[in-house]
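Everything on this sheet refers to the single structure shown next.
Values below: all heavy atoms of this structure, side chains included; hydrogens, waters and symmetry mates excluded. Letters A, B, ... mirror the listed sequences (proteins, then strands); counts begin at 1.
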Amino acid sequence: MREFGELCEAVANTASRTQKVRLVAGYLKSHAPSELAIAATFCSGRPLPVSAGALRIGGSQMLAAAARVVAFDDSDVAKAYDRHGDFGGALADLMEAGPQRSLFHAPLTIAKVASTFAQAARCSGSGATRAREALFAGLLADATPLEAKYLVKLVTGELRMGFKEALVVDALAAAFDRPAKDVRRALMASGDIGEVAELARDDRLPSATIAYGKPVGFMLASPITFGGRYAELEDGEYFVEDKFDGIRAQAQVKDGQPFLFSRRLNDVTISYPEVAAALRGCSTNFIADGELLAWRDGRALPFKSLQTRLSRVAPDAELLASVPLSFMAFDLLAEQDEFLIDHPLAERRRRLERLPAFSDQFVLSPGTWLRVNAPVDDLQRSDLESRFSAARARGNEGLMIKAAASGYLPGRRGRQWFKLKRELATLDCVVVAVEYGHGKRNSVLSDYTFAVRNDDKLLTVGKAYSGLTDVEIAEKTQWFLQHTVSRRGRRLIVEPEIVVEIAFDIVQPSSLHESGFALRFPRIVRLRPDKSPTEASTLDEVRALAQH
DNA sequence: AATTTTTGCCC
DNA sequence: CTTGTGA
DNA sequence: TCACAAGGGGCAAAAATT
C-alpha cells in the first residue's frame, strides 16, 4: 500500500496527462502477478470491482473509524479539514501529529486492503455498520499517514489526482505494449478494469467479448445549445428522435431470460418487473439500448413520478399501477450471435425496427432521418427547431441527433451523438450564504445558496457552484469575507447584495428550501452586478415557472 | 413500531 | 445531470 | 478534444436510534 500511496502523490503532483500515464504504467508493470488486478482497480479510483457492489462506507463511518485509531476532538478535525478540504488529507495530518505507530507491524498490502474492502461490502443485517467501521478502523491502525490518506480517498471513490479509469486504459496499453484501442474494447466487453489488466499482461485482450448477461458500456451524447449555429453538425445523414426524460437502461434477452442494466451498469431487472415480464420468453437473443419511462397513453410522465420507482427492490401492485413503465428502445447492440457495435447506426436502427420483441412495455422510439448539409443554413435550422418544439409539445426534453454512419462507442462523448436542450427561463437570485468548497476549492467560497424575493423577505430556493470561472470565484471570495454576517463551520451567512442569474431545468415543489421550491440542475449563468437585490426575481415568478 | 441517519445512485 | 479547466 | 474535478435535487433501502 505504501507504493500505491507514493504513486498517487506523484500522479497528483504531475500536471501532464502523458506523464501521469507513464507513472501509472510503471507501477502496474512492476506489480506482482497476483496483485495486478487490484492495482488497476485502485488506480481507477475504485475500492472494489464494479461487480462487487457498493462498499457502504461513507464519511460518517470513516470518521468513527478514524476516531478509534487516532485521538482527536471535533475542532482538530475541523481545522485539518479546513487545510485540505478533503478528509483523506485531514486524517493524514492528524496521524502525523499524533503518536507514531509501532515500528513492528506487518506492512499493509493492497491485497489485504482489497480483501478487507470485499469483506466490508458483504456485511449486512443488524450490526453491519459497526462491523464495517471496525474493518476500516483495522486498516487505519496498520496504515502510515500517507496510506491512510489514500485509504480514505479509495473508500470515497475519489482519488482526486486527475486520473481515473479512462487513463488506466492508456496506462495498461503503455505498460504491456498493447494498442490502447484493444484495451478499451476489452474493457467495454468486460466492464472490469482488473480483469482487463490481466488480459493485457497475458496478451489475451481479444478473449474479452461482449456476452449476454453482462452490461455493455453506454454511449453518451454531447450537448448542443438551442438557437446556436449548430456548427457541431457535419455533412451527412443523422437520425433525429425525441430526448426522453427517463432512466437510461440496457435491455437484454438471453434464451428467454430478461436483464435490465442501469447507466452505472447495475443489474436493475428486479425493479422493473413489468418490463422484464414483457421480454421474458422472447425467442430472439438481443441487447438494446433505451430509456425506461413512466409511460401512459402514449406519453412520458414527468421524471418526478419515475423517481419513486428508482432502486425499488420490490415495487408493490399499487405502485406498478400508478407508475407503469415501458422501455423505449432506440439502439440495437447485439442480435443472436452477432454483435453490432461496429456497424453503423443506420444498420443498427434498421435491425432494431425488425426485432420481434415489441409490446406495450417495449416500445420502438420514433424518429426520422435528416440529411445535414454543413454548415447548417436557415432552412435546416428552422426545421430542427420546429422538430424540437414538437418534441417539447409531446412532453419530452428535446431532441437527440445521431450520426447515421457512427458505430456504438461506449463511454465516449464525441461528435456522433448530440442532445439538443433548452432552458425554460432563468432567475435572478440573491446570494444569502456561501460555503467553502472541497478538494482544490477548499480555500475559496465556491458554493452559493441563493434566494428570491417575497414581499420584504428573501426565501432560499437553491444552491449552485457550477457556472462561474475560477477567477470570478476567487474575486467574490474576497467580497464575501468582507461582508460576512455570521459563520457556522464552513458556511457563511453573507449580506444579501450579490445578484446571480441562475439557469435550471425545471422548478419543482420541495421542502428543502424556504421558498417551498427547488431547482433541478441549477447553475450560475453569470454575475449580475448591474442588478440590486430589490430587482431579484420573486416567489410569484418561481411559482409560475413551477406550473410548466 | 416509528422515526432518523447514512449511503448510493438516478437525473 | 451540469460546468470550467488544462494538456 | 478529451478526461477530469467539483457540484446540485431527490428518492429508496438499510441500519441505527428513539
Side-chain angles (χ1 to χ4, degrees), chain A residues 14-21 45 53-64 85-86 123-133 155-170 220 222-223 232 244-249 262-266 268 271 291-292 302-315 319 397 411-415 419 421 423 435 437-442 444 446-450 461-473 502-513 517-525:
Chain A
T14 304
S16 156
R17 210 147 81 184
T18 45
Q19 192 58 33
K20 285 176 197 273
V21 168
L55 200 48
R56 297 188 62 86
I57 298 177
S60 185
Q61 255 70 255
M62 282 195 291
L63 190 64
D86 165 305
C123 292
S124 72
S126 179
T129 304
R130 275 295 159 84
R132 280 192 292 263
E133 183 192 310
V155 168
T156 319
E158 289 179 345
L159 291 176
R160 291 179 171 159
M161 57 177 187
F163 198 97
K164 296 208 310 195
E165 190 174 81
L167 291 179
V168 178
V169 167
D170 290 349
L220 307 174
S222 303
E232 298 89 344
F244 294 97
D245 191 7
I247 303 162
R248 186 78 180 274
S262 72
R263 214 185 107 157
R264 293 271 296 263
L265 310 185
N266 292 313
V268 293
S271 299
E291 194 90 3
L292 283 164
F303 186 76
K304 190 78 187 285
S305 51
L306 240 189
Q307 226 166 358
T308 62
R309 294 213 38 188
L310 274 168
S311 60
R312 285 269 184 175
V313 173
L319 185 64
E397 273 193 303
R412 305 297 267 232
R413 190 166 259 146
R415 285 178 306 180
K419 50 180 165 186
K421 291 170 73 171
E423 60 212 28
E435 273 170 79
H438 300 267
K440 65 183 176 185
R441 299 206 190 288
N442 85 91
V444 288
S446 59
D447 197 351
Y448 299 176
T449 302
F450 45 81
V461 69
K463 282 174 79 178
Y465 124 85
S466 98
L468 295 182
T469 64
D470 288 355
V471 173
E472 287 171 317
I473 292 171
I502 304 291
F504 52 87
D505 223 46
I506 55 166
V507 179
Q508 52 195 6
S510 160
S511 57
L512 186 64
H513 298 291
F517 294 96
L519 311 176
R520 182 150 81 134
F521 307 144
R523 63 256 185 205
I524 304 166
V525 181

Answer yes or no: does a side-chain N or O of A/Asn266 lie under 4.0 Å from OP1 or OP2 of B/dC10? yes

Can you sort out the partners of A/Lys20 under salt bridge (charged side-chain N to carboxylate O under 4.0 Å, His left out), two or more places apart, ordered by chain and number? none

Return no unless some side-chain N or O of A/Gln61 is found under 4.0 Å from OP1 or OP2 of B/dT7. yes

So which atom in A/Phe504 and which in A/Val507 form the shortest heavy-atom distance, rounded to 0.1 Å? CE1-CG2, 3.6 Å

In chain order, what residues pass the side-chain contact (heavy atoms from CB on, under 4.5 Å) check against A/Asp170, with sequence neighbours excluded? A/Val21, A/Leu167, A/Ala180, A/Arg184

In chain order, what residues pass the ring pair (Phe, Tyr, Trp, His ring centres under 6.0 Å) check against A/Tyr448, with sequence neighbours excluded? A/Phe480

Considering residues at least two apart in sequence or located in another chain, which fulfil the salt bridge (charged side-chain N to carboxylate O under 4.0 Å, His left out) criterion with A/Arg415? A/Glu234

Scan A/Met161 against the nucleic acid and name what it touches under 4.0 Å (heavy atoms): base, sugar-phosphate only, or nothing. sugar-phosphate

Without decimals, in angstroms, what is the distance between A/Glu291 CD and B/dC11 P? 7 Å

Strictly under 4.0 angstrom, non-hydrogen atoms only: write out the protein contact profile of nucleotides 2-7 of chain C, one letter per nucleotide from the 5' end, B, S or -. SSSSBS

Using a heavy-atom cut-off of 4.0 Å across all strands, would you classify A/Arg309 as base, sugar-phosphate, or nothing? nothing

Using the P atom on both, measure D/dA6 against B/dC10 and round to a whole Å. 22 Å

Judged by nearest nucleotide, the residue sitting upstream toward the 5' end of DNA chain D, A/Ala518 or A/Glu158, is A/Glu158

Start and end of chain A contact along DNA chain D [non-hydrogen atoms, under 4.0 Å]: D/dT1 to D/dA16

Could you tell me whether A/Phe163 contacts a base, only the sugar-phosphate backbone, or nothing, with contacts defined as non-hydrogen atoms closer than 4.0 Å? sugar-phosphate

List for me each residue that meets side-chain hydrogen bond (donor to acceptor under 3.5 Å, both in side chains) alongside A/Arg441, sequence neighbours excluded, and say none if there are none. A/Tyr465, A/Asp470

Salt bridge (charged side-chain N to carboxylate O under 4.0 Å, His left out) with A/Glu291: which residues, sequence neighbours excluded? none

Looking for any heavy atom pair under 4.0 Å, which part of the strands does A/Gln508 touch: base, sugar-phosphate only, or nothing? sugar-phosphate

Can you name the side-chain hydrogen bond (donor to acceptor under 3.5 Å, both in side chains) partners of A/His438, sequence neighbours left out? A/Tyr81

Write down the distance between CG (A/Leu306) and P (B/dC10), rounded to a whole number of angstrom. 13 Å

Over how many whole Å does the gap from A/Leu63 atom CG to B/dT6 atom P extend? 10 Å

Ranking A/Leu519 and A/Val313 by the position along DNA chain D of their nearest nucleotide, the one closer to 5' is A/Leu519

Return the value, rounded to whole Å, for the distance between atom CD of A/Gln307 and atom P of B/dC11. 10 Å

Backbone N/O of A/Arg56 and side chain of A/Arg132: donor-acceptor pair under 3.5 Å: yes

Distance, rounded to the nearest Å, where A/Asp505 contributes CG and B/dC11 contributes C1': 9 Å

